[in-house]
There are 4 protein chains.
Amino acid sequence: MSHIQSAAPYLTKAAELRAIFAKDAVERDKQGGRPLEQLRLLKQSHLLSVNLPVQYGGAGQPWSTVFRIVREFAKADGALGHLFGYHTLALNNVALRGNADDTARLYHASARNDWFWGNAGNAMSDTVTVRRDGEHVVLNGYRPFTSGSHIADIIQLSWTDEIEGKRVFAAVPADRKGITALNDWDGIGQRQTGSGTVTFDNVHVHSSEILGTDANRGKPFSTLTPLIQQSVLLNVFIGSAQGALAEARDYTVTKSRPCVDSGAARHIDDPWIQRLYGDLFIKTEAATLLADKALDAFDRVWARGHDLTEVERGDAAATVAGANVLAGETALDVTSRVFEGMGARSAVTAYGFDRFWRNVRTHSLHNPAEYKTRNVGQWLLTGDYLQPGIYR
Amino acid sequence: MSHIQSAAPYLTKAAELRAIFAKDAVERDKQGGRPLEQLRLLKQSHLLSVNLPVQYGGAGQPWSTVFRIVREFAKADGALGHLFGYHTLALNNVALRGNADDTARLYHASARNDWFWGNAGNAMSDTVTVRRDGEHVVLNGYRPFTSGSHIADIIQLSWTDEIEGKRVFAAVPADRKGITALNDWDGIGQRQTGSGTVTFDNVHVHSSEILGTDANRGKPFSTLTPLIQQSVLLNVFIGSAQGALAEARDYTVTKSRPCVDSGAARHIDDPWIQRLYGDLFIKTEAATLLADKALDAFDRVWARGHDLTEVERGDAAATVAGANVLAGETALDVTSRVFEGMGARSAVTAYGFDRFWRNVRTHSLHNPAEYKTRNVGQWLLTGDYLQPGIYR
Amino acid sequence: MSHIQSAAPYLTKAAELRAIFAKDAVERDKQGGRPLEQLRLLKQSHLLSVNLPVQYGGAGQPWSTVFRIVREFAKADGALGHLFGYHTLALNNVALRGNADDTARLYHASARNDWFWGNAGNAMSDTVTVRRDGEHVVLNGYRPFTSGSHIADIIQLSWTDEIEGKRVFAAVPADRKGITALNDWDGIGQRQTGSGTVTFDNVHVHSSEILGTDANRGKPFSTLTPLIQQSVLLNVFIGSAQGALAEARDYTVTKSRPCVDSGAARHIDDPWIQRLYGDLFIKTEAATLLADKALDAFDRVWARGHDLTEVERGDAAATVAGANVLAGETALDVTSRVFEGMGARSAVTAYGFDRFWRNVRTHSLHNPAEYKTRNVGQWLLTGDYLQPGIYR
Amino acid sequence: MSHIQSAAPYLTKAAELRAIFAKDAVERDKQGGRPLEQLRLLKQSHLLSVNLPVQYGGAGQPWSTVFRIVREFAKADGALGHLFGYHTLALNNVALRGNADDTARLYHASARNDWFWGNAGNAMSDTVTVRRDGEHVVLNGYRPFTSGSHIADIIQLSWTDEIEGKRVFAAVPADRKGITALNDWDGIGQRQTGSGTVTFDNVHVHSSEILGTDANRGKPFSTLTPLIQQSVLLNVFIGSAQGALAEARDYTVTKSRPCVDSGAARHIDDPWIQRLYGDLFIKTEAATLLADKALDAFDRVWARGHDLTEVERGDAAATVAGANVLAGETALDVTSRVFEGMGARSAVTAYGFDRFWRNVRTHSLHNPAEYKTRNVGQWLLTGDYLQPGIYR
């Protein structure tokens with residue numbers, strides 16, 4: 001597809017950022033809170049609009065480029081991978097949930113200003129009350145798990161319009177009066193994702209900020225959000241596995257001492273260590289190939305736009321689900337077992353190698369592999385495409 | 001590479017043959033011995049020369065087509081996958097071990113006559129004595145593990161020339177006086193591969209039958225045999241996993257009854273069964289993608305011919321090794337666990353589903369995953385390319 | 001408990017029989033059918049009444065001795081372990097299902113005559129019709145999975161009395177007119193268990209042969225059958241794992257050659273082989289200890305007789321379930337991986353090492369680990385004892 | 001063995017302490033450093049001399065009681081389990097390394113004063129220089145991994161006497177001039193174990209503080225230290241697995257919400273969750289039984305005293321090694337997977353559930369399972385008892 005620009009320059013840029021993020025990733029993992037300097041660099045890179053259409057000022061890259069950037073960041077810092085991915089999701093929700101005018105207006109502005117989008121629309125719990133006040137809707141309450149809202153320029157909101165009985169979406173400036181990101185996330189991993197609480201105290205949302213309905217609402221294309229979420233997660237897993245393996249390899253080569261009972265001159269000559277790294281590498285590579293297949297599948301699905309059929313969407317959902325499960329399983333395994341290759345002296349907080357496992361362990365819980373695996377099995381056994389759902 | 005013919009027609013032909021092989025695969029697994037009718041069909045298909053250069057009457061397909069045919073056959077019958085792969089290996093050894101004249105002569109004849117090549121050159125044990133008698137070399141002794149020799153038109157031989165201290169290769173008609181394929185293979189799996197003993201009783205090999213030396217002897221290209229072997233094995237594993245999974249799925253959908261404690265109307269509605277098949281499918285798919293990567297790697301290496309460098313060869317060897325390990329591990333797992341999805345009534349010899357596990361278990365022992373995994377680890381840790389060896 | 005005779009002489013006798021059974025276990029696995037000579041030796045040993053009370057002519061041993069004999073036989077021959085266990089179960093069903101008179105009459109006769117009991121009472125499927133004819137009940141139809149009926153002296157029958165709406169049990173001579181054991185079992189494993197079909201052609205059962213009701217019917221003690229079944233299976237698993245490991249160890253020590261890439265003088269000096277056997281041994285030992293705990297738990301439960309409470313029974317059921325799951329999982333793993341320790345030459349039918357895997361694979365399907373594992377989890381999470389069920 | 005006091009009161013006391021330790025275990029895991037209040041309670045309990053002979057003022061308990069206390073503490077706090085175990089090891093080294101006078105003197109004093117013993121004798125690295133000064137030996141240098149030295153009353157030292165070419169042991173007050181426990185341990189787990197550096201600045205050790213040689217020096221009994229170390233570690237693993245499982249179970253029962261796709265009213269009704277907990281429970285129970293077997297084996301070995309043979313010692317070493325391997329493997333698995341049962345909201349630092357995995361991951365690295373597993377395999381394959389070594 002010659003009209004698509006190569007992803008290479010964006011991935012190169014992402015790799016440069018990853019190298020910078022890596023420098024204090026261990027320290028920032030300890031602190032939690034807000035990665036403000038990293039956000040500044042991200043904005044400067046213009047990667048925040050990397051997959052917006054060129055006509056709106058974006059780079060016009062496919063989603064696979066977005067997910068590869070997620071993966072790249074996660075090699076050093078799962079939280080930044082997560083933040084970048086969920087930002088892009090929130091931003092693209094405009095096209096999925098809104099109409100052409102919303103898209104033009106918000107995409108132009110976002111690309112021009114390098115806005116970072118946060119999400120406070122978690123719909124799993126009914127914790128927000130809504131009332132109308134003239135041209136405004138007024139929100140009170142809170143949302144949990146609001147990743148990215150602690151550093152956002154724009155916050156995506158959503159609620160149920162009880163009169164019309166439908167889900168409503170809006171995008172408002174993060175400094176809107178009454179919105180408070182509590183920055184109270186204190187997870188065992190993914191510590192700078194700001195996945196804590198946002199509170200709403202008489203937050204006024206003007207009708208012009210509410211995404212407009214569109215003739216295509218309800219079509220399969222508008223149900224792609226879960227696949228994007230699952231793709232963000234799976235690429236955080238892949239990046240974490242790759243990063244942990246690479247850091248462990250370097251440590252093992254440069255610092256590990258041979259085991260007293262090994263008889264080996266160098267630790268890397270111990271057949272045990274060779275087998276361990278061989279096994280971790282093979283499993284990581286296989287999971288990566290399945291993840292790559294899922295990227296391709298999602299690019300094809302997205303490219304279909306409003307012509308996308310339920311069957312196409314459902315089959316891609318099975319591919320993404322399978323890749324997600326294997327990526328999570330592999331990343332948990334790799335991020336724990338690398339310590340066996342490095343040895344006792346590697347398990348100190350100064351190195352922070354445990355952040356990889358903590359990140360994956362934390363992230364994988366939002367997304368139970370059990371149900372995804374069942375979905376793939378159901379798809380295989382019944383031959384039916386997967387129905388859209390919260391996690392698929 | 002537009003000048004390469006599509007593999008599609010050959011794979012279609014292979015799928016047709018696989019469907020025929022499948023009809024009595026269970027029965028032939030019980031019998032062992034010689035798959036003579038299947039050999040007739042193979043010859044008729046001209047697939048035996050599928051990767052010989054077009055100039056010699058072959059189809060000019062890359063090795064990946066060969067290995068995909070191995071995989072296709074192994075979906076129903078691991079032994080036929082093995083036989084086809086090892087035939088192609090023995091045939092191509094002419095180009096690796098001989099000179100241009102040998103190649104022209106033997107390839108033309110083999111393609112024209114649809115010869116099946118067997119292998120009696122196993123060099124692991126010193127069980128053949130050699131003496132000279134004028135223009136002939138005379139062999140006495142035996143070789144074990146001579147896959148395909150029980151149905152071969154041509155037998156590949158090899159021995160050590162003690163005067164010149166080098167390995168010598170020859171190709172002679174299988175009905176050469178003094179050669180006896182004992183057909184004594186009685187493995188627990190891969191039962192029609194004829195992997196038993198060939199005895200030599202004053203077998204005369206004329207000097208014109210000995211592969212000539214060549215200026216390129218000793219170059220990396222001439223050390224590719226182990227990678228072909230490993231690729232045959234890994235694609236037998238992949239095909240076995242895929243075939244077992246497909247047969248089990250069909251059985252489960254059409255025959256399995258719901259478990260008494262499941263509360264499910266259909267067995268395929270049991271979350272356990274969905275999870276099981278999802279898991280087996282995901283793992284099989286990942287192993288297949290890694291196998292596909294190894295096919296590509298080997299095609300690239302082969303295409304380099306005598307320009308192939310040690311580094312290129314060694315890096316491809318690591319890829320093939322990794323794919324082999326994962327394929328074997330996955331196939332062992334899948335071929336055992338499919339029974340859990342099918343249930344108690346599936347475990348009878350009439351269905352013969354256990355042949356998949358027996359085939360994989362047997363085949364994988366020739367090829368210890370332990371050393372391959374270590375090799376991959378060594379390659380990752382040291383950054384050095386893999387050295388040629390018996391299994392790499 | 002000094003009044004209980006030591007199990008030692010019975011286990012010694014069982015070990016002697018096992019050594020005899022081992023001699024042609026591979027050959028009999030190939031043949032399937034009836035282990036008649038082994039049955040003769042079993043009768044001669046009087047082990048068939050080993051756990052009948054002394055007052056009836058039995059040896060008065062606890063069930064743990066029965067299960068240890070099952071385990072001992074299964075080290076060489078899973079089918080004989082199964083047959084012995086299910087015989088003892090069918091025999092003891094008299095005490096669980098009948099009254100004191102039935103027990104006295106049938107136990108005396110069985111101990112005196114060394115009867116072998118077969119089971120044709122599988123209640124999972126409604127394949128038998130029943131009518132009354134004066135003092136007789138007349139059966140027509142068939143039963144599947146009738147282990148032991150092909151060599152039985154006495155056959156246990158059961159059906160649903162539709163008038164009284166309850167399950168009825170009877171014990172009749174196996175040569176009763178109209179009963180035919182088709183000997184049509186052709187499993188991939190457990191090949192001499194005769195787990196095929198018994199047909200009933202106007203089989204007359206006299207009312208005196210029907211087990212009488214008893215005041216204790218319905219008490220927890222009368223629901224112990226599933227725990228005995230699960231204990232038979234789990235000890236077949238344990239014995240199979242132990243037997244496979246012992247045979248593999250001996251083969252490895254005496255026959256295996258060092259791997260070409262190992263650099264080891266002896267195969268048993270290869271760190272890989274040491275690790276493999278260490279791992280298999282450790283896992284087998286842990287599964288055995290859990291099995292032993294289940295034996296103790298069942299002995300305690302049985303000793304409580306009609307005083308047994310639902311809670312006591314249900315807690316023992318959780319212990320037996322857990323032991324069964326781990327034993328099955330371990331046995332599948334061990335019986336497959338031992339081949340990796342032995343190497344390529346071990347995978348021939350002459351050695352028959354694959355019978356261990358085939359036996360375990362076959363047997364484990366009657367008894368899905370999934371539901372047992374869930375039961376243990378439910379018991380742990382809810383704190384409620386397990387309710388009786390078909391598999392618990 | 002009626003002359004041995006029941007362990008029950010000591011285990012009850014340990015359980016009471018564990019409940020107290022649990023209250024701030026999460027907080028203390030964050031802080032690292034010194035568990036001074038816990039140390040005070042430990043001294044008050046007199047458990048520090050629980051296995052000293054009664055004649056010296058100890059409770060005369062066997063080592064199994066010590067290891068069960070280690071396990072009990074580790075249910076809430078792996079560091080305290082570790083500290084208690086290594087204290088008891090250092091204390092008992094007096095009997096292993098010294099003579100009867102040393103034993104009488106130091107055991108009496110330690111029991112009377114409830115001394116806590118720390119270890120600064122790690123012999124893996126040559127980091128201490130030794131010179132003589134009259135009646136004193138003067139040490140300079142440092143020791144790494146000096147668990148317990150940060151809170152010790154007495155420090156165990158060791159060095160190589162170059163003149164006599166043998167290992168020398170001494171016990172000195174921790175406040176001896178020149179000894180500094182840097183309290184610089186900053187592990188990712190086992191954070192209050194003080195496993196950092198102790199420095200020696202002209203530390204004077206008087207000849208009377210050096211453990212005297214004894215006729216029994218060099219006998220198998222004097223080589224039991226590694227088995228005690230391995231037993232401490234394995235019981236920290238078992239306790240961690242049990243503690244993580246119990247805490248997770250309680251969280252799951254009281255706090256977890258059903259998964260959105262489960263259709264279950266309560267999370268504990270989800271078959272996935274039941275299976276998960278069933279599996280974790282079964283594996284933990286099996287590992288515990290193997291650990292108990294190792295406790296018994298070590299009690300028997302210790303009871304043999306100086307009559308202990310090499311064979312007895314070596315066979316016990318294999319049992320301890322196997323139990324250690326399975327305990328570590330199980331604990332790593334359980335402490336990671338419990339999060340899947342608890343769900344996303346459990347992965348916050350307020351609960352600190354990740355400390356179990358971090359503790360096990362850290363501790364298991366000092367003690368590679370690879371070599372232990374090989375040792376067990378070697379013992380099984382060769383039939384030879386294990387030779388003493390640093391880890392066996």
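Each chain gets a letter, A, B and so on, in the order the sequences are listed, and its residues count up from 1.
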**Student:** Here's a test: name every donor-acceptor pair under 3.5 Å between chain C and chain D, with the distance for each.
**Tutor:**
residue, atom, partner, partner atom, Å
C:Arg249, NE, D:Leu380, O, 2.6
C:Arg249, NH2, D:Leu380, O, 3.2
C:Arg249, NH2, D:Leu381, O, 3.4
C:Arg275, NE, D:Glu370, OE1, 3.4
C:Arg275, NE, D:Glu370, OE2, 3.4
C:Lys283, NZ, D:Glu329, OE2, 3.1
C:Glu285, OE2, D:Lys293, NZ, 2.5
C:Lys293, NZ, D:Glu285, OE2, 2.5
C:Glu329, OE2, D:Lys283, NZ, 3.2
C:Glu370, OE1, D:Arg275, NE, 3.4
C:Glu370, OE2, D:Arg275, NE, 3.4
C:Leu380, O, D:Arg249, NE, 2.6
C:Leu380, O, D:Arg249, NH2, 3.2
C:Leu381, O, D:Arg249, NH2, 3.4

**Student:** If you tally heavy-atom pairs under 4.5 Å against chain D, which of C:Leu280, C:Leu245, C:Ile282 wins?
**Tutor:**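 If we count pairs closer than 4.5 Å to chain D, C:Ile282 comes out on top.
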**Student:** Identify the heavy atoms of D:Ala286 and C:Leu326 that sit nearest to each other, and give their distance.
**Tutor:**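 In this case the closest contact between D:Ala286 and C:Leu326 is CB-CD2, 3.4 Å.
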**Student:** So which of D:Val325, D:Leu380, D:Val253, D:Leu276 has the largest heavy-atom pair count under 4.5 angstrom toward chain C?
**Tutor:**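 Top count of heavy-atom pairs under 4.5 Å with chain C: D:Leu380.
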